[in-house]
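Being a predicted model, the structure only gives us computed values, none of them experimental. These numbers come from the heavy atoms of this one structure, side chains and all, not from hydrogens, waters or symmetry mates.
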Amino acid sequence: MSRRVIGVVMNGVTGRMGYRQHLVRSILAIREQGGLALGDGEVLWPEPILVGRSERRIKRLADRHGLAHWTTSLDEALAHPLAEIYFDAQVTQAREPAIRKAIAAGKHIYTEKPTAESVEAALELARLARAAGVRNGAVQDKLFLPGLLKLKRLVDGGFFGRILSVRGEFGYWVFEGDWQSAQRPSWNYRAEDGGGMILDMFPHWQYVLEGIIAPIRSVYAHTATHIPERVDEQGRTYRATADDAAYGIFELAGGITAQINSSWAVRVDRDELVEFQVDGTEGSAVAGLRNCRFQHRAATPKPVWNPDLPVTESFRSQWQQVPDNEEFDNGFKVQWELFLKHVAAGSEYHWDLLAGAKGVQLAELGLRSAAEGRRLDVPALEI
Ligand SMILES: NC(=O)c1ccc[n+]([C@@H]2O[C@H](COP(=O)([O-])OP(=O)(O)OC[C@H]3O[C@@H](n4cnc5c(N)ncnc54)[C@H](O)[C@@H]3O)[C@@H](O)[C@H]2O)c1
């Protein structure tokens with residue numbers, strides 16, 4: 001077996017997503033498993049080149065994991081002789097200029113979502129990457145979660161018959177930061193810093209709906225800032241200027257209606273932090289991050305509405321679990337492996353910057369729909 005080292009410039013690794021999901025659970029996990037076998041006797045060995053704003057923090061992180069390459073200069077990182085890929089998990093606002101630089105330096109691009117702050121900017125990045133001939137990808141991790149893979153298995157197997165509707169519930173209580181610290185960074189609640197529920201979650205709903213159910217034809221969104229004042233990491237009170245909840249209705253191809261509630265001001269009465277119920281003529285399913293339960297039409301009860309009587313059936317116990325039937329790895333890592341193979345061996349890869357731009361488009365249209373109070377069509381995007 002020969003080992004091929006591939007340098008990955010990783011920007012934003014001191015952040016929540018960059019550190020835990022991308023560095024530790026993906027790139028370092030791939031190294032811990034001995035690299036990534038390419039199938040031709042070659043093993044790909046990702047070599048992180050960490051880049052961050054604070055020398056102290058980035059050096060400490062590199063030391064903690066025994067990593068040799070780190071810098072506070074993006075130019076220096078991109079000029080590193082091993083660097084082939086640029087990965088971005090910075091705050092959304094810092095992303096576009098960094099990716100432009102990396103494309104100009106001829107690096108392949110992999111990035112967190114949203115890929116940019118506007119659809120024009122997202123499309124421009126896709127165009128630039130294509131013109132430069134660099135491979136590119138956007139994180140669409142939810143597609144690789146066990147629960148949603150099981151849902152996709154049901155769709156592909158024809159379980160639902162004709163799909164009628166999707167209802168999604170996403171959210172949990174994010175503490176205000178006063179008597180208990182908030183479990184999400186404060187920029188998420190400031191529109192001027194790229195925060196907001198729609199910008200954060202509509203990119204996910206775009207690829208989940210299109211990738212598993214059907215393409216989105218129109219969007220109607222209603223937003224709210226339920227908690228108008230929060231306390232930041234330094235204990236300072238600030239005004240929440242972004243939406244902390246979004247109530248969306250999406251029309252999908254084939255006449256399917258999807259509605260998804262997303263909120264950071266809701267208490268969880270669900271099995272998982274996100275759940276999607278899909279109803280079809282032949283059966284229904286409820287998918288979360290890990291599990292997916294289903295009910296076939298033959299096992300569907302016939303409840304009769306009568307508020308005078310107590311409920312006699314245990315509806316939740318009438319569902320069956322979709323079995324694993326395979327081992328599921330971390331979704332971020334699975335997508336990283338597909339992207340690394342795409343770069344190193346030219347294998348197929350569908351989740352590129354154009355796909356990422358569709359997520360930004362849905363977020364932008366969602367925000368406009370909420371501001372104007374009307375339903376908007378989602379036009380096809382082309383480079
Ligand atoms: N795929 C997912 O499920 C998912 C989940 C959460 C966040 N995200 C995305 O990941 C990105 C990072 O989110 P996060 O929650 O890890 O944020 P975070 O605040 O924890 O991390 C942000 C990172 O960006 C760096 N940074 C660069 N320039 C900055 C600036 N001007 N101000 C502040 N920080 C700056 C920080 O040092 C840090 O490393 C966002 O684009 C977000 O949309 C994706």
Side-chain angles (χ1 to χ4, degrees), residues 10-25 50-65 67 70-74 87-98 111-114 116-117 139 141 169-204 222-247 261-270 272-274 289 332 363 366-367 370-371:
M10 300 187 78
N11 201 355
V13 277
T14 58
R16 237 166 32 113
M17 298 311 294
Y19 179 65
R20 184 92 214 116
Q21 296 302 339
H22 293 288
L23 183 63
V24 176
R25 301 276 282 135
L50 307 182
V51 50
R53 294 170 303 160
S54 153
E55 179 169 335
R56 185 182 56 82
R57 294 187 67 198
I58 204 81
K59 179 176 184 319
R60 200 175 55 192
L61 206 152
D63 288 348
R64 190 189 311 153
H65 294 285
L67 298 172
W70 61 269
T71 169
T72 54
S73 154
L74 178 58
F87 170 68
D88 196 299
Q90 297 186 93
V91 287
T92 309
Q93 279 187 326
R95 180 159 301 138
E96 187 197 333
T111 178
E112 258 298 351
K113 46 52 62 181
E117 285 188 286
V139 173
D141 53 291
E169 270 295 334
F170 161 82
Y172 46 92
W173 191 267
V174 175
F175 280 92
E176 299 89 325
D178 46 4
W179 68 292
Q180 292 193 53
S181 60
Q183 68 271 42
R184 291 179 61 84
S186 59
W187 66 263
N188 280 283
Y189 302 91
R190 292 189 293 264
E192 61 277 22
D193 291 338
M197 180 59 89
I198 285 200
L199 200 51
D200 195 40
M201 294 315 290
F202 274 31
H204 289 301
H222 177 82
T223 55
T225 306
H226 291 302
I227 309 291
E229 210 172 78
R230 291 178 175 269
V231 175
D232 71 11
E233 292 79 359
Q234 280 74 42
R236 288 181 306 235
T237 300
Y238 67 95
R239 218 163 69 76
T241 46
D243 47 313
D244 60 12
Y247 306 88
N261 295 329
S262 317
S263 177
W264 288 312
V266 66
R267 296 185 176 87
V268 180
D269 181 26
R270 272 169 261 132
E272 307 204 48
L273 294 191
V274 65
L289 304 173
F332 289 90
L367 283 168

R64 atom CZ: more than 12 heavy-atom contacts under 6.0 Å:
yes
Closest non-hydrogen atoms of I58 and T71, given as atom of the first, atom of the second and distance, are CG2-O, 4.3 Å
Requested in this report: For the residue pair I227 and W173, establish whether any side-chain heavy-atom pair is separated by less than 4.5 Å.
Outcome: yes
Taken to the nearest 0.5 Å, the spacing of E96 CD from T111 OG1 works out to 11.0 Å
Tightest non-hydrogen contact, residues R184 and Y189, listed as CD-OH, 3.2 Å
Looking only at heavy atoms, the pair that brings F202 and G366 closest together is CE2-CA, 4.0 Å
What one should report as the nearest heavy-atom pair of V174 and A182 is CG1-CB, 4.4 Å
Rounded to the nearest 0.5 angstrom, the OH-CZ distance for Y238 and R190 is 5.5 Å
Using modelled atom types and a 3.5 Å cut-off, is there a donor and acceptor pairing between side-chain atoms of D232 and backbone atoms of Q234? yes
For H204 and F170, what are the C-alpha separation, side-chain angles and deciding distance, and is it a side chain to side chain contact (heavy atoms under 4.5 Å, CB included)?
CA-CA 11 Å; H204 289 301; F170 161 82; over 6 Å; no
Expected output: side-chain R95 to main-chain Q90 donor-acceptor under 3.5 Å:
yes
Which of D141, D200, D88 passes salt bridge (Lys or Arg N to Asp or Glu O under 4.0 Å) with K113? It is D200
One should read off an interatomic distance between S54 OG and K59 NZ, to the nearest 0.5 angstrom, of 12.0 Å
Are R25 and F332 in a cation-pi setup, meaning NZ or CZ lies under 6.0 angstrom from the ring centre and within 45 degrees of the ring axis?
no
What orientation do H65 and Y19 show, parallel under 30°, tilted 30 to 60°, or perpendicular over 60°?
tilted
*Using a 4.5 Å cut-off on heavy atoms from C-beta on, say whether the side chain of T92 contacts that of E117.*
yes
Note to self: When you compare the side chain of T14 with that of L61, does any pair of heavy atoms fall below 4.5 Å?
What the structure shows: yes
Has T241 got a side-chain atom pairing as donor or acceptor with A191's backbone, closer than 3.5 angstrom?
yes
Smallest heavy-atom separation, R16 atom then P185 atom, equals NE-CD, 3.7 Å
- Output yes when a side-chain donor or acceptor of T225 lies under 3.5 Å from a complementary backbone atom of A242, and no otherwise. yes
E112 side-chain N/O to V139 backbone N/O, donor-acceptor pair under 3.5 Å
no
* Starting from the C-alpha separation in whole Å, work towards a yes-or-no answer on side chain to side chain contact (heavy atoms under 4.5 Å, CB included) for Q93 and D193. => CA-CA 7 Å; Q93 279 187 326; D193 291 338; 4.2 Å; yes
* Would you check if the side chain of D244 reaches a backbone N or O of H226 as a donor-acceptor pair within less than 3.5 Å? => yes
Rounding to 0.5 Å, atoms CE (M197) and CG (L367) come to a distance of 12.0 Å
Step by step, work out the side chain to side chain contact (heavy atoms under 4.5 Å, CB included) result for W264 and F175. CA-CA 9 Å; W264 288 312; F175 280 92; over 6 Å; no
Note: I198 and A363 closest approach over all heavy atoms is CG2-O, 3.2 Å
Here the gap from E55 atom CD to T72 atom OG1, rounded to the nearest 0.5 Å, amounts to 6.0 Å
So OG1 of T237 and CG of D178: to nearest 0.5 Å the spacing works out to 8.0 Å
